[in-house]
**Student:** 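Input: one structure, supplied below.
Per chain, numbering begins at 1; letters A, B, ... match sequence-line order.
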Amino acid sequence: MIEIYNTESRRKEVFAPIDAKRVRMYVCGPTVYALAHIGNARPVIVFDALFRLLRHHYGRDHVFYARNVTDVEDKINARAKERGITIRELTEETLRIYREDMLALGNLAPSFEPRVTETIPEIIAMIAALIANGHAYEAEGHVLFSVPSMPSYGSFSGRSTDELLAGARVDVAPYKRSPMDFVLWKPSDAATPGWDSPWGRGRPGWHIECSAMAEKLLGDTFDIHGGGRDLMFPHHENEIAQSVCAHGGAKLSNYWMHNGMLQMGGEKMAKSVGNVVAVRDLLAEWPGEVIRLQMLMTHYRHPLDWTEEGSRTARTILDRWYRAAGHAAPANDMPAAFIAALDDDLNTPEAFAVMHELAAEALKGSTAAASSLKAAGNLLGLLEKTPEEWASWRPAKMALSEADIIARIDARNAARKARNFAEADRLRKELLDAGIVLEDGPAGTTWKPA
RNA sequence: GGCCACGUGGCGGAGUGGUUACGCAACGGUCUGCAAAACCGUGUACCCCGGUUCAAUUCCGGGCGUGGCCUCCA
């Protein structure tokens, strides 16, 4: 039995899918105009872990996970112009890198990766439906959602419409009936991507794409909707408004989950703050699995300050787990305590405590524990390599070439054989200064990045 | 300013109305030419002030601090 903290009710609730044969989850995906930063990766990793847990419980053919790709957006247009490439070139390149990066972090591909450019007819149909039932109106080539037409607007993110009116800090477009109204469709000039619509050539506003893609793939009401906390308002509030009003009041999602913000030096990591670290850059310095474990070592709802020390800790843990798991085949049965931890609102830190216990038993010789450890890790997308593959990971930049290192190791071993330990230690030190740690084992000397 | 989270040992990080979380780091020991790994052992904690209670880190109130949102944001 899974319990999920539902942001909407602000309580932990027992998870009961609408249809256990078709469990459905939607997560807000990337706008493809720039490299994904590590903060962008948090929801991907967190909800991938949930996806895997759901598949464990309901069967892999019974869980459907949609994560959209927003490939129509004004920032994309601006960036493409800046770089002197076409919008298509920019979105294709960015999406390709995004997929590579997310794969390197151990994420499964979602069941569906809908793109806005492939969902335009559904978006137009949804907007038309909103106009038809009085929740939207056309004004000067724009179509706007009429916030006052939905009395419950604001209840999801916990704000009153009075407060929103008072706090309105943007210039209110003259064609808006209410300052809170938001854009569903906006006109495009000849240089901007656009599609023909009943309201002229234009493009969708920010929020409608998620409503339309979710409807298309998962139906009017589905089980879980996820995303970053910062999306609660306005994005999710508006998504709810659009979908609920287009669907005659049907609920959009039964459970809402929001991951906490990733921080860097105590501040939210965001492009607007300028403190972003690209996933791509981190992957040059650390195995993707290290980043994945580091991400999951903190409960998904809490803020997470991204530090190098955290990466080091995660790597040390994985070194130990890989040693402990060895070549064991994953057990068929999952450790109960491990699953129980994950079932409790995806309590990954507690699940890792169980893995630590298993690792200790495995290192004392329990092959059953090794198998359980492997199975548990695999469930979360960890420990999927062989120990050899794990040990052979190399950072993109090293002070010494592989050949230089080998030459020094050979020289050191010759010195050791001659019992010239002063020289052997000098070579060890020299390599350590270059960021290389040597380990003398029964099978010879191996090395790894410090 | 409004709304909402959070505040645990050197660091990371769960959890609980009364009993060791766990990990990393540190220290001592076994082992090792050295180092690493492994194993054994050691230490340090629940922001402040009230309240409820036999008992609060855990519940309630206030304060302080940090973070998020308030139409760019994962």
**Student:** May I ask you to say what A/Leu432 touches in the nucleic acid, namely base, sugar-phosphate or nothing, with a heavy-atom cut-off under 4.0 Å?
**Tutor:**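 Since no nucleic acid heavy atom lies under 4.0 Å of A/Leu432, the category is nothing.
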**Student:** Once you round it to whole Å, what is the distance between P of B/rG23 and CG of A/Leu318?
**Tutor:**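 Interatomic distance, CG of A/Leu318 to P of B/rG23: 15 Å.
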**Student:** Between C1' on B/rG67 and CE on A/Met232, what's the gap in Å once rounded to a whole number?
**Tutor:**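 To the nearest whole Å, that distance equals 16 Å.
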**Student:** For A/Arg10, answer base if it contacts any base atom (sugar-phosphate contacts may also be present), sugar-phosphate if it contacts only those atoms, and nothing otherwise; contact means non-hydrogen atoms under 4.0 Å.
**Tutor:**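 Sugar-phosphate, backbone atoms only, no base.
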**Student:** Would you kindly check if the NZ (Lys) or CZ (Arg) of A/Arg292 is within the cone defined by 45 degrees around the ring axis of A/Trp286 and under 6.0 Å from the six-membered ring centre?
**Tutor:**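 Geometry flag: not set, cation outside 6.0 Å or 45°.
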**Student:** Reading RNA chain B from 5' onward, which residue's closest nucleotide shows up sooner: A/Ser157 or A/Thr31?
**Tutor:**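 The residue mapped nearer the 5' terminus is A/Ser157.
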**Student:** For A/Arg159 and for A/Cys28, locate the closest nucleotide of RNA chain B by heavy-atom distance; then report the residue assigned to the nucleotide nearer the 5' terminus.
**Tutor:**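 Here A/Arg159 is the residue nearer the 5' end.
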**Student:** Should A/Glu289 and A/Arg315 be marked as a salt bridge (Lys or Arg N to Asp or Glu O under 4.0 Å) after you check the CA-CA gap, both sets of side-chain angles, and the distance that decides it?
**Tutor:** CA-CA 8 Å; A/Glu289 203 169 340; A/Arg315 193 188 58 188; over 6 Å; no
**Student:** Write down the distance separating the P atoms in B/rG9 and B/rG63, rounded off to the nearest Å.
**Tutor:**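 Comparing P positions in B/rG9 and B/rG63 gives a spacing of 24 Å.
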**Student:** Do the side chains of A/Asp433 and A/Lys429 get close enough for a salt bridge, i.e. N-O under 4.0 angstrom?
**Tutor:**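 Salt bridge flag = yes for A/Lys429 with A/Asp433.
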**Student:** Looking only at N and O atoms, is any donor in the side chain of A/Lys268 or the base of B/rC73 less than 3.5 Å from an acceptor on the other one?
**Tutor:**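 Looking at the base of B/rC73, it does pair with a donor or acceptor on the side chain of A/Lys268 (distance under 3.5 Å).
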**Student:** Consider only side-chain N and O atoms of A/Tyr33 and A/Asp71, and report whether a donor and an acceptor are under 3.5 Å apart.
**Tutor:**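 No.
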**Student:** In whole angstrom, what separates A/Arg229's CZ from B/rG68's P?
**Tutor:**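 Taking CZ of A/Arg229 and P of B/rG68, I get 12 Å after rounding.
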**Student:** What is the distance, to the nearest angstrom, from the NE2 atom on A/His207 to the C1' atom on B/rC72?
**Tutor:**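 Interatomic distance, NE2 of A/His207 to C1' of B/rC72: 11 Å.
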**Student:** Does A/Glu423 pair with A/Arg412 as a salt bridge, N-O distance under 4.0 Å?
**Tutor:**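 Result for this pair is no, no salt bridge flagged.
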**Student:** Given atom CZ of A/Phe156 and atom P of B/rC4, what is their separation to the nearest angstrom?
**Tutor:**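 Going from A/Phe156 (CZ) to B/rC4 (P), I get 15 Å.
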**Student:** Base contacts versus sugar-phosphate-only contacts with protein, heavy atoms under 4.0 Å: please encode nucleotides 31-40 of chain B as B, S and - from 5' to 3'.
**Tutor:** --BBBSSSSS
**Student:** Atom CZ of A/Phe338 to atom C1' of B/rA21: distance rounded to whole Å?
**Tutor:**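 Going from CZ in A/Phe338 over to C1' in B/rA21 covers 17 Å.
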**Student:** Verify the ring-centre separation between A/Trp256 and A/Tyr5: is it less than 6.0 angstrom?
**Tutor:**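 Not under 6.0 Å, so no.
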**Student:** When the P atoms of B/rG33 and B/rC47 are considered, how many whole Å apart are they?
**Tutor:**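 Per the computed distance, 48 Å lies between those P atoms.
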**Student:** Can you tell me, in whole Å, how much space there is between the P of B/rU19 and that of B/rA45?
**Tutor:**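 The same atom, P, in both gives a distance of 15 Å.
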**Student:** B/rG23 and B/rC40: how far apart are their P atoms, nearest whole angstrom?
**Tutor:**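 It works out to 11 Å between them.
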**Student:** Give me the distance, rounded to whole Å, that separates B/rC31 from B/rA38 when you measure between the C1' atoms they each carry.
**Tutor:**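 Between the two C1' atoms, the distance is 9 Å.
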**Student:** Check the distance between B/rC73's C1' and A/Leu231's CG and give it to me in whole angstrom.
**Tutor:**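 Those two atoms, CG and C1', are 7 Å apart.
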**Student:** Within this structure, what is the CD1-CG distance for the pair A/Ile291 and A/Leu296, rounded to the nearest 0.5 Å?
**Tutor:**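 Interatomic distance, A/Ile291 CD1 to A/Leu296 CG, rounded to 0.5 Å: 12.0 Å.
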**Student:** Using 30° and 60° as the class limits, which term best fits the ring planes of A/His235 and A/His207: parallel, tilted or perpendicular?
**Tutor:**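 Taking A/His207 first and then A/His235, their aromatic rings sit tilted (interplane angle of 30° to 60°).
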**Student:** Between A/Trp321 and B/rG23, is there a contact of a side-chain N or O with OP1 or OP2 at under 4.0 Å?
**Tutor:**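 Indeed not, no polar side-chain atom of A/Trp321 lies that close.
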**Student:** Provide a list of protein-nucleic acid N or O atom pairs under 3.5 angstrom, restricted to nucleotides 12-14 of chain B.
**Tutor:**
unit_1, atom_1, unit_2, atom_2, d
B/rG13, OP1, A/Thr298, OG1, 3.0
B/rA14, OP1, A/His299, N, 2.7
B/rA14, O3', A/Asn347, ND2, 3.0
B/rA14, O2', A/Glu350, OE1, 2.9

**Student:** Distance between the C1' atoms of B/rG12 and B/rC70, in whole angstroms?
**Tutor:**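 One C1' to the other, the span is 32 Å.
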**Student:** Any idea how A/Trp390 and A/Tyr322 line up, ring-wise: parallel (<30°), tilted (30 to 60°), or perpendicular (>60°)?
**Tutor:**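 The arrangement is parallel - the two ring planes meet at less than 30°.
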**Student:** What's the verdict on ring pair (Phe, Tyr, Trp, His ring centres under 6.0 Å) for A/His142 and A/Trp199, showing C-alpha distance, side-chain angles and the deciding distance?
**Tutor:** CA-CA 7 Å; A/His142 294 69; A/Trp199 320 287; over 10 Å; no
**Student:** With a 6.0 Å cut-off on the ring centroids, do A/Phe112 and A/Tyr65 count as close?
**Tutor:**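 No, the ring centres sit 6.0 Å or more apart.
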**Student:** For A/Glu357, report the nucleic acid contact type (base, sugar-phosphate, nothing); a contact means any heavy atom under 4.0 Å.
**Tutor:**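 The answer is nothing, as A/Glu357 stays clear of every strand by at least 4.0 Å.
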**Student:** Pick the P atom in B/rC46 and in B/rU8, then give their distance to the nearest Å.
**Tutor:**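 Straight-line distance between the two P atoms is 11 Å.
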**Student:** How close or far is atom P of B/rC11 from atom CZ of A/Arg312, stated in whole angstroms?
**Tutor:**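 To the nearest whole Å, that distance equals 18 Å.
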**Student:** Quick one: sort the A/His258 and A/His236 rings into parallel, tilted or perpendicular, breaks at 30° and 60°.
**Tutor:**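 The arrangement is tilted - the two ring planes meet at 30° to 60°.
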**Student:** Would you measure the distance from the C1' atom in B/rU52 across to the matching atom in B/rC59 and give it in whole Å?
**Tutor:**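 8 Å, rounded to whole Å.
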**Student:** Give RNA chain B the dot-bracket treatment, 5' to 3': Watson-Crick (N1-N3 with N6-O4 or O6-N4) or G-U (N1-O2, O6-N3) under 3.5 Å, [ ] crossing, | other strand.
**Tutor:** (((((((..(((.....[...))).(((((.......)))))....(((((..]....))))))))))))....
**Student:** Would you mind telling me which of A/Asp345, A/Asp344, A/Asp343 makes a salt bridge (Lys or Arg N to Asp or Glu O under 4.0 Å) with A/Lys12?
**Tutor:**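 With A/Lys12 as partner, salt bridge (Lys or Arg N to Asp or Glu O under 4.0 Å) holds for just one option, A/Asp344.
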